[in-house]
Amino acid sequence: MKISFASAASGDAIAVPAYADAILSDAAKALDDATGGALTRAIKASRFDGGAGETLEITAPSGVEATRIVLLGLGKPGDVTASTVEKASASLAKALLTSGAETLSITVDGDDGETAARAAMGAHLAAYRFDKYRTKLSDSKKPSLKAIEVVSGDVDAAKAAWASWGPVAEGTQLARDLVMEVPNVLGPEEYARRCKTLTELGIEVEVLGEKEMTKLGMGALLGVGQGSVQESQLVVMKWNGGNQGDKPICFVGKGVTFDTGGISLKPGAGMDEMKGDMGGSAAVVGLMAALAGRKAKANVVGIVGLVENMPDGNAQRPGDVVTSMSGQTIEILNTDAEGRLVLADALWYAQKEFDPEFIIDLATLTGAILISLGQEHAGIFSNNDELAGRLFDAGKASDETVWRLPLGPEYDRQIDSPVADMKNLGEGRNAGSITAAQFLQRFVNEKPWVHIDIAGVGMNGKSKDPRQPLFGTGFGVRLLDRLVRDHYEG
Ligand code: BES
Ligand code: MN
Ligand code: ZN
């Protein structure tokens, strides 16, 4: 989607704000006058109320060049925030995406560059499509909208704000593309190749294959991938936008490109969704692209563990014991609890290699987090109240919300094993997300750390948020960008 900023509207479709009780903005009033009262008449003839995100379309109005005028509801004027505008603008773009209109001008009230940029952000996020495998989509179902222009009282301020938000939208779309991509195409090797393309943004990318990981002793990660014909990969991405010598902040992602469950095979129904079991890693890759794209003043390391979990003659068995890079041994009781095994070695590597200021991991780790929180919040687990609090606030600010769940020795005890240092399962299904987090914590050394379980929010086939497509949401990019923006730059 082409995004631009202008001081006057020139699109096929022109959107102007209206407020609660269908109060017209100045821009809307001007159009109402120009069209001989078409807007007022349309409001009378409809149930449009100016509520946040409501739209009302007036097609082929007389007296103006535009082929349609759209009233965009923003709710009560006093309640309008950047987030309201972003969301409303997303609803608008969704409504017009396949309407026939090719260009859309969105007028935002006032001259606040931030608001204008967030309007662009909402529309950009909402216009996302994953159509690459649809060769027979009829013309009438293809997106018609090609360009979005945001009309603002201060075009320069809007452009400056977009320089910082545009890359976050792009990074989110990249994460979505990775989650949506099909599993016969996006195996660990192809995924690593795609990560390599981030060098274009000034990111250093290093790929470790099985040989290097064997040398490092990553028996936990390698065990998960050993049933796959594809080679497991660990990709390390570095963005050095901060002061030389400052400790980096570090993000680690689970990248299981397909999770069959392995020998503890999952049931067939819905298994296709497990192509999205790399959503945590996709968020890390998208975040790195966003931070580099907006030249964030921070040193950031992103690490993704890429494996395919397959049943095979060479696959690991329930009962196997593997030795992780940390030296700790793990009894594998269920080969479907594989994400924690991948993260165990990736987390250890991150700390040993980079001694980061903090470490945050993201993973589609447990079905149990859906039982706890549904698809409205990601679950977070932390050893550090300050970092967890900052992440909570970043969630509120970005509309990618998180909710903290507890950790504690009484849960940790559940993963003790009589055979090895630990087992990869808790006792029974209860508190499954917490026992998974306890497992990860055994690979964290006194570093501020947050684990984000995005099994519910990273893939969402029922999302009602107009900024999100169905399935691959790209969750985590905007959340973590916000965290970095608010606390770890300059
Ligand atoms: N990738 C799954 C978790 C998952 C489930 C993500 C549903 C998205 C939707 C993970 O690897 C898994 O299989 N977890 C098991 C753990 C269990 C065996 C302890 C689960 O949640 O059932
Ligand atoms: Mn699994
Ligand atoms: Zn998994």
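Since this is a predicted model, take the numbers as computed values, not measurements. Note that ligands are numbered from 1 as they come in the structure, with each ligand's atoms numbered from 1 the same way. Only heavy atoms go into these numbers, but all of them, side chains included; no hydrogens, no water, no symmetry mates.
Side chain of S463 to backbone of L470: no donor-acceptor contact under 3.5 angstrom is found.
For E331, the side-chain hydrogen bond (donor to acceptor under 3.5 Å, both in side chains) criterion is met by S417, not counting sequence neighbours.
Atom NZ of K447 has more than 12 neighbouring heavy atoms from other residues, nucleotides or ligands inside a 6.0 Å radius. For K295, the NZ atom sits in a loose shell: 12 or fewer heavy atoms of surrounding residues, nucleotides or ligands are nearer than 6.0 Å.
The pair D139-K142 meets the salt-bridge criterion, since a charged nitrogen lies less than 4.0 angstrom from a carboxylate oxygen. Under a 4.0 Å N-O distance rule, the pair D361/K254 does not qualify as a salt bridge. K266 has a carboxylate O that lies under 4.0 Å from a charged side-chain N of D336, or vice versa, which qualifies the two as a salt bridge.
The closest side-chain heavy-atom distance from K132 to M180 is not below 4.5 Å.
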Tabulated below should be the N or O atoms of ligand 1 paired with protein N or O atoms at under 3.5 Å; can you produce that?
unit_1: ligand 1; atom_1: 1 (N); unit_2: K254; atom_2: NZ; d: 3.4
unit_1: ligand 1; atom_1: 1 (N); unit_2: D259; atom_2: OD2; d: 3.3
unit_1: ligand 1; atom_1: 1 (N); unit_2: D277; atom_2: OD1; d: 2.8
unit_1: ligand 1; atom_1: 1 (N); unit_2: D277; atom_2: OD2; d: 2.9
unit_1: ligand 1; atom_1: 1 (N); unit_2: T364; atom_2: O; d: 3.4
unit_1: ligand 1; atom_1: 11 (O); unit_2: K254; atom_2: NZ; d: 3.2
unit_1: ligand 1; atom_1: 11 (O); unit_2: D259; atom_2: OD2; d: 2.9
unit_1: ligand 1; atom_1: 11 (O); unit_2: D336; atom_2: O; d: 3.1
unit_1: ligand 1; atom_1: 11 (O); unit_2: E338; atom_2: OE1; d: 2.8
unit_1: ligand 1; atom_1: 11 (O); unit_2: E338; atom_2: OE2; d: 3.0
unit_1: ligand 1; atom_1: 13 (O); unit_2: K266; atom_2: NZ; d: 2.8
unit_1: ligand 1; atom_1: 13 (O); unit_2: D336; atom_2: O; d: 3.0
unit_1: ligand 1; atom_1: 13 (O); unit_2: D336; atom_2: OD1; d: 2.8
unit_1: ligand 1; atom_1: 13 (O); unit_2: D336; atom_2: OD2; d: 3.2
unit_1: ligand 1; atom_1: 21 (O); unit_2: G367; atom_2: N; d: 2.7

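Using the six-membered ring where Trp is involved, W162 and H124 have ring planes that are tilted, between 30° and 60° apart. Between F439 and F443, the angle of the ring planes lies from 30° to 60°, which puts this pair in the tilted group.
With ring centers used as reference points, F130 lies 6.0 Å or more from F471.
Protein atoms that are N, O or S and lie under 2.8 Å from the Zn ion (ligand 3) are these: K254 NZ, D259 OD2, D277 OD2, E338 OE2. Listing protein N, O or S atoms at distances below 2.8 Å from the Mn ion (ligand 2), with waters left out, gives D259 OD2, D336 O, D336 OD1, E338 OE1.
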Inset, instruction - Go through the steps for E181 and Y133 under the test side-chain hydrogen bond (donor to acceptor under 3.5 Å, both in side chains), then give the verdict. - result: CA-CA 10 Å; E181 187 54 279; Y133 297 111; 2.7 Å; yes
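Because its NZ or CZ atom is not both nearer than 6.0 Å to the ring centre of W165 and within 45° of the ring axis, R294 does not count as a cation-pi partner of that residue.
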